[in-house]
Amino acid sequence: MASGFDPTRLVTGSMMFKPLLISAIMDHAELYHGDTEIVSARTEGDIHRYTYGDCALRARKLAQALDRLLIMTGDRVGTFAWNGYRHMELYYGVSGSGRICHTINPRLFPDQLRYIVNHAEDQAVFFDLTFLALMKALKPECPGVRHWVCMSDRDHMPAEGFEGLLCYEDLIDAEDGAFDWPEFDERTASSLCYTSGTTGNPKGALYTNRSVVLHSYAAALPDSLGISAMDSIMPVVPMFHVNAWGLPYACPLTGAKMVMPGAKLDGASLYNLIEREGVTASAGVPTIWAGLVQYVKAGNLSFSTFRRAVIGGSTCPPSLMEDFAKLGVEVIHAWGMTELSPLGTVARLKAKDVGKSPAEQKRILEKQGRPVSGIKLKIVGGEGKSLPNDGAAFGDLYAQGHWVIDQYFGIPDSPLEQGWFKTGDISTIDPDGNMQIVDRSKDVIKSGGEWISSIELENAASSHADVAMCACIGIAHPKWDERPLLVIVPREGSGKAPEALKAELYEILSAKVAKWWLPDDIVFAEEIPMTATGKLHKLKLRERFGGYVWKAGA
Ligand code: AMP
């Protein structure tokens, strides 16, 4: 039978059309949550507090200042800044006025920073005081930047040594805020974020107003990050790492209070801020949380309001989830990437899971989770065939959706394969849609034609109380192509003899993984290199152990 669908008979609905614009998020916060606070630990060393009402006014003043500086519509404005209220003003003042807010990760190598600023053709760069030396070094290499702005007041401006440096507060003070957010096509670019790829040049993901607004609604949903006007949210994930996972948008969208930690992300600083500001939820990478949990445990402290920790960026070790649970904090494991704005999946139970045993529930919540509405995932096997969502088959993970990249900034070739974006992750998907990362495709260990998940070995090893950090890498092997080598950083003051710790680790691993997965050796290190976004830098680690030779018989 012919399909009943006839595109010539489609009827256009008769509802108002309002483009999805970032400025509307701040408008809403100003109108209906105008007295809700944004609290910031400033790089100047003090705590700053003001409201969404103040933020909206100053964002409009910033838009006026950009007009005055002749930063044109569509121009890129670079930022080197921690999480704080001025950075928030840039998010809205720049994107809301039709310009592009280009957040830059200051932890990248100077060569990459130079490349990124020049590739994006940033017309102005705004930076926190802490990055003054970095900016001084960068300036001669970025001749296209017309204005350098120090995000500070007159009293804290550097005395000399930076020709033409502008003062942020002077720019704001010169304006009156009588500015209306312009209305434009919702597909207009709003923000630019470069991937922190460990190989090759970073590539830019250029978000649209529409993709950011839709992502914000999705991020706030109860089964996503579950954000509401009852919350006090502390984005620990930096605003230079995929827009702090969308929190600077989702918080004003819902009217949640924001608590910005600035540059100090150690356990003590975070704990004090959480307690003082009644933080209810936060988001960040596992390494940051490990520091906080360690601090709380060592001081025999407790949380009075903190209830939810969103963990992503790398696999959340189950031991970290258990530690948090003991402190009354629910861990929400989430997966995403720069190319996905970043939210892809969130691990949450369904009603049908309620009757399951605690162990079964734990297994679901330890996965990376099911797609947020608006995202579709599939896994593909060796011959390019889609694999079943049976929780066992694993293959290359592909994504599609409202906030998935279509094209990298300034690169004509499409990264898509038949309309799908290849994530570079290898995963399983179960019949309920719960996705689990087996490994990053370049990190999976290929042993005798079979794959070993470095993540699973790391998860098991990190459950040992004397392990501060660990990473598993594949090392070339004459017979098996590659075999796993486990690198361990013992916890400070552990005092356990290496051989004893090694034996205990093998015991733990043997109980959790197949025998042929066991690492052929366990070695100890003082530290493990990390990437600019706080992930294990396995490429560097593989280089460091490039000369490693398996012992005879291994
Ligand atoms: P980035 O673009 O820097 O945010 O990195 C994205 C990559 O981080 C993903 O492709 C994954 O490999 C990894 N990643 C993000 N979240 C998780 C997670 N919850 N578990 C495991 N890997 C993750």
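Both ligands and their constituent atoms are indexed starting at 1 by order of listing.
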Hey, is the main chain of Ile473 close enough, under 3.5 Å, to the side chain of Ser454 for a donor-acceptor pair?
no
Is a donor on one side and an acceptor on the other found under 3.5 Å between the side chain of Asn83 and the backbone of Pro235?
yes
Salt-bridge criterion met for Glu360 and Lys367 (N-O under 4.0 Å):
no
Between ligand 1 and Ala334, can you find any atom pair, the residue atom being a heavy atom, that is separated by under 4.0 Å?
yes
Tell me which one of Ser314, Ser427, Pro286, Gly312 gets a heavy atom nearest to atom 18 (C) of ligand 1.
Ser314
Heavy-atom distances under 4.0 Å are what count here, so tell me which part of Cys316 touches ligand 1: side chain, backbone, both or neither.
neither
Give the atom numbers and elements of ligand 1 that come within less than 4.0 Å of a heavy atom of Trp335.
9 (C), 11 (C), 14 (N), 15 (C), 16 (N), 17 (C), 19 (N), 23 (C)
Within 4.0 Å of some non-hydrogen atom of Thr315, the atoms of ligand 1 are 18 (C), 20 (N), 21 (C), 22 (N)
Looking only at the side chains, is there a donor atom on one of His215 and Tyr207 sitting less than 3.5 Å from an acceptor on the other?
no
For atom 4 (O) of ligand 1, the closest protein heavy atom turns out to be His241 NE2, 3.3 Å
Atom 2 (O) of ligand 1: nearest protein contact (heavy atom, Å):
Thr338 OG1, 2.6 Å
For the aromatic rings, using the six-membered ring if either is Trp, is the centroid distance between Trp82 and Phe131 under 6.0 Å?
yes
Identify the closest protein heavy atom to atom 7 (C) of ligand 1: which residue and atom is it, and at what distance?
Lys535 NZ, 3.7 Å
With a 4.0 Å cut-off on heavy atoms, does Gly313 reach ligand 1?
yes
Under 30°, 30 to 60°, or over 60°: which ring-plane class applies to Phe324 and Trp289, parallel, tilted or perpendicular?
perpendicular
Just let me know how Asp425 lines up against ligand 1, side chain, backbone, both or neither, with a heavy-atom cut-off below 4.0 Å.
side chain
With heavy-atom distances below 4.0 Å as the criterion, list the atoms of ligand 1 near Gln368.
18 (C), 19 (N), 20 (N), 21 (C)
Side chain, backbone, both or neither: the part of Met337 lying under 4.0 Å from ligand 1 by heavy atom:
both
More than 12 foreign heavy atoms under 6.0 Å from CZ of Arg307: is that the case here?
yes
Is it true that, when you exclude Lys356 itself, more than 12 heavy atoms of the residues, nucleotides or ligands shown sit nearer than 6.0 Å to its NZ?
yes
